[in-house]
Amino acid sequence: MCGICGWIDYRHDLGADEHARTLAAMNETMSCRGPDQQGVWAQGPAALCHRRLAVIDIEGGRQPMTLDEGGAPALHMVYSGETYNFRELREQLAAAGHRFRTSSDTEVVLRAHREWGAKDPRDVARRLNGMFAYALWDSGTNELVLVRDRLGIKPLYYYPTPHGVLFGSEPKAILANPEAERVVDAEGLRRALAFVSDMSNAVFRGMREVPPGCVVRVSRDGVREERYWELTDTGHTDDVDTTVHHVRELLEDTALRQLYADVPLCTLLSGGLDSSALTALAAKHVDGTVRSFAVDFVGYADNFVADDARGTPDSPYVHEVAEYVGTAHRDIVLRTEDMMDPAVRRATVHARDLPAGIGDMDSSLYLLFSAIRKESTVALSGESADEVFGGYRDFHDPETVAADTFPWLAGRMMNADQSDPGLFDRALWDKLDVPGYLDDQYRTALAEVPELTGPAADDPHERRMREICYLYLTRWLPVLLDRKDRMSMAVGLEVRVPFCDHRLVEYVFGTPWAHKNFDGREKSLLRHATKDLLPETVVQRVKSPYPSTQDDSYEKSLRDQVAEIVGQGDDAPVAPLVDRAAVQRRLDEGGGHEANSMGRRMQLERIIDLNTWIGDYDVQLSL
């Protein structure tokens, strides 16, 4: 796993000494993503920068990587991620006459562009199975190609300029170049405050994400996006038993592919169906003992209070799976003071480049990954199984399914009134029109949903569930994948997500909803495909989301920090955005475990994150 960035400017020779400092500054922002090696290639109008976390072919996989042989124009590439089918592609390329200098997947992708991508780089992207974001400069055509994986597992941003483009794995790399402005206007701020993925709006004005399943081509004529993959209706005809069997086959193959690494590897284990099944599959295929890690909080299991989101603590199930499967397990136990450490809060905001507003679920993940990184370089995660197989309670709640908006906003996950400004200034909130923005995003997403075919096409419930599945996969999953990537790469840990294998996603998306809950439960296909690997208690466990601390002292610490911010008056970076009277009323209310406590806590967390973000990033608000 790595960090990439670069600069295309058709006016200048970026190899000149005068640009070296800017390129070094851009590359340095990616040091956490690639602590092992660094490199810069700059010539003419193009500059590519790379920071490397060495996972495969530690000695031979250095970048930027150049292919300059046979009299053809040179190709230069910087690559982040993993191509899990690189060994099969390598065999095909070798049969076509290619002679490899390294054993890295990067060289395979580079040579694949020489062999198959001359006319259309999408022909290469379609051959790749993996998580990747990379940039390719063709010295013959003077064209840059940016490529991102199908689900958006690896991030990639770009910023068009009058004479080219800036790009990077994270916004901070782009912002290190003086040609990029740190301006956030109303459109960007409403995106920052809305829990929905919008690739056309990366919050900072003028910045975009390369959409999942797309390539971006940059030439003297400008910038254009081209799609190479999208979810489609597959006309699924397999019966339930056949479907379950094929899901298991795909999971076995995916797990086997993603266990390949030249560095220590582990699994993230929560005791839920997803991570437990993945851990069991890993244990089945690796030589030796699988290491597993789980997050926990001091006193959490002993003092656990069930709520609408979480019915049970994780630790009893975690330990049962670890013993059943035979992993070398370790709990990472966190304290409130760890998560409320201002340095940790600042690190999480810096890692995400945005005020994510989910507080301890970011800081605890960051601390978990920090601890794991001391013992492992690669971790397998069960992320995305809920989106793929229909695991959230919202999928099974009739009122949420019927709501004319994104289900996570209407359901138990947030259940927030988007017209209520909360702690924000009412006039500002009305100007931002977050509800209108969300509705526009919702209508746009619905228009993309592929129509059902076959017998299910005339069933209104099947059509609606197709929409719900599509919304989760394209507008919510990218939010979670970005969080996972940022928190892990901030400490130099590569996290792989086998449930995002595009073959599995395509197949399960195409199944009718009646298959996905054929036993009346959530994730029916996954449960029945893996039940032979797990203890029955875990097979039957009800979905429980990523844990959040229930320590009352955590919210007290939040209130203390927000009070300090409010006490700064107009000098607080967040002051232009908030209603100080509303904030003070919130502080006076205190805390508790009542039903709306989580939502109120998130409001405080968002104030702290926004204040940190605006101050540390020197954000220029243009509202």
Side-chain angles (χ1 to χ4, degrees), residues 182 184 186 188-195 203 336-337 339-366 409 414-432 434-435 437 479 483 486 548-549 551-592 594 596-621 623:
R182 296 172 178 258
V184 174
L189 186 56
R190 64 171 61 100
R191 163 66 180 87
L193 299 177
F195 288 98
V203 178
T336 291
E337 50 264 42
M339 293 182 290
M340 287 307 301
D341 183 340
V344 171
R345 175 77 61 174
R346 179 163 279 107
T348 60
V349 173
H350 183 73
R352 298 200 71 170
D353 288 308
L354 297 172
I358 56 175
D360 77 296
M361 288 187 281
D362 269 356
S363 56
S364 66
L365 194 63
Y366 173 83
L409 298 179
M414 295 178 183
N415 195 21
D417 180 1
Q418 300 300 319
S419 65
D420 182 359
L423 304 182
F424 291 96
D425 178 80
R426 165 57 77 177
L428 172 66
W429 194 259
D430 290 344
K431 179 179 180 179
L432 293 177
V434 173
Y437 170 78
V479 175
R483 168 178 175 257
R486 301 303 192 87
S548 178
T549 181
D551 188 349
D552 290 339
S553 67
Y554 178 79
E555 186 169 340
K556 181 181 183 303
S557 296
L558 285 177
R559 294 198 303 272
D560 290 344
Q561 288 194 17
V562 172
E564 183 178 345
I565 292 171
V566 173
Q568 298 174 19
D570 291 339
D571 292 333
V574 78
L577 306 183
V578 301
D579 180 339
R580 271 181 273 174
V583 174
Q584 189 59 55
R585 287 194 298 272
R586 172 65 187 89
L587 295 176
D588 293 340
E589 290 176 359
E594 59 271 22
N596 64 347
S597 179
M598 180 63 70
R600 297 191 311 173
R601 194 167 84 179
M602 288 178 65
Q603 291 179 350
L604 297 178
E605 290 169 330
R606 172 149 281 181
I607 296 300
I608 296 171
D609 286 352
L610 277 166
N611 196 68
T612 301
W613 176 62
I614 295 171
D616 286 5
Y617 277 75
D618 191 25
V619 172
Q620 303 167 45
L621 296 172
L623 306 176

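Note that the coordinates shown come from a computational prediction; the quantities given were computed from them, not determined experimentally. Below, each value reflects all heavy atoms present in this structure, side chains not excepted, and no hydrogens, waters or symmetry copies.
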Legend entry - Side chain proximity check, Arg352 to Asp609, heavy atoms < 4.5 angstrom: no

Inset, instruction - Determine the minimum heavy-atom distance between Gln603 and Gly422, stating which atoms define it. - result: NE2-CA, 4.0 Å

Legend entry - Sidechain-backbone polar pair: Arg182 side chain, Tyr617 backbone, donor-acceptor under 3.5 Å: yes

Inset, instruction - List the atom of Ile565, the atom of Ile608, and the distance in Å for their closest heavy-atom pair. - result: CD1-CA, 4.0 Å

Legend entry - Option passing side-chain contact (heavy atoms from CB on, under 4.5 Å) with Ser363 (candidates Val344, Thr549, Asp341): Val344

Inset, instruction - Taking atom types as modelled, find out whether Thr336 and Asp551 have a side-chain donor-acceptor pair closer than 3.5 angstrom. - result: yes

Legend entry - Pair Glu605-Tyr554, side-chain donor/acceptor within less than 3.5 Å: yes

Inset, instruction - Give the intermediate values and the outcome of side chain to side chain contact (heavy atoms under 4.5 Å, CB included) for residues Met340 and Leu558. - result: CA-CA 8 Å; Met340 287 307 301; Leu558 285 177; 3.9 Å; yes

Legend entry - Exercise: identify the closest heavy-atom pair between Leu621 and Leu577: CD1-CD2, 4.0 Å

Legend entry - Closest non-hydrogen atom pair, Ala194 against Tyr437: CB-CE2, 3.8 Å

Inset, instruction - Would you give the length of the straight line joining atom CG of Leu610 to atom CD1 of Ile614, rounded to the nearest 0.5 angstrom? - result: 5.5 Å

Inset, instruction - Output yes when Asp362 and Arg345 qualify as a salt bridge under the 4.0 Å nitrogen-oxygen rule, no when they do not. - result: no

Legend entry - Side-chain heavy atoms of Asp425 within contact of Val578, under 4.5 Å: no

Inset, instruction - Find the distance between CG (Asp571) and CD (Gln568) and round it off to the nearest 0.5 Å. - result: 7.0 Å

Inset, instruction - Just do the side chain to side chain contact (heavy atoms under 4.5 Å, CB included) check on Phe424 and Leu189 with the steps written out, would you? - result: CA-CA 12 Å; Phe424 291 96; Leu189 186 56; over 6 Å; no

Inset, instruction - Taking all heavy atoms of Arg606 and all of Pro355, pick out the closest pair and write down the distance. - result: NH2-O, 3.7 Å

Legend entry - Ionic contact status for Glu589 with Arg585, cut-off 4.0 Å: no

Inset, instruction - Identify the heavy atoms of Gly569 and Arg580 that sit nearest to each other, and give their distance. - result: CA-NH1, 3.2 Å

Inset, instruction - Any chance you could measure Trp613, atom CH2, to Arg346, atom CZ, to the nearest 0.5 Å? - result: 15.0 Å

Legend entry - CG on Leu432 to CZ on Arg191, rounded to 0.5 Å: 14.0 Å

Inset, instruction - To the nearest 0.5 angstrom, please state how far the OG1 atom of Thr348 sits from the NE2 atom of His350. - result: 11.0 Å

Legend entry - Donor-acceptor under 3.5 Å (Gln584 side chain, Asp579 main chain): no

Legend entry - Approximate separation, where rounding is to 0.5 Å, of Gln561 CD and Lys556 NZ: 11.0 Å

Inset, instruction - Verify, without hydrogens or angle tests, whether Arg486 (side chain) and Val349 (backbone) share a donor-acceptor contact under 3.5 angstrom. - result: no

Legend entry - Side-chain touch Ser557/Glu337, heavy atoms, less than 4.5 angstrom: no

Legend entry - Partner set under salt bridge (charged side-chain N to carboxylate O under 4.0 Å, His left out) for Asp420, not counting sequence neighbours: none

Inset, instruction - Using a strict cut-off of less than 4.0 Å between a Lys/Arg side-chain nitrogen and an Asp/Glu carboxylate oxygen, indicate whether Asp430 and Arg426 qualify as a salt bridge. - result: yes

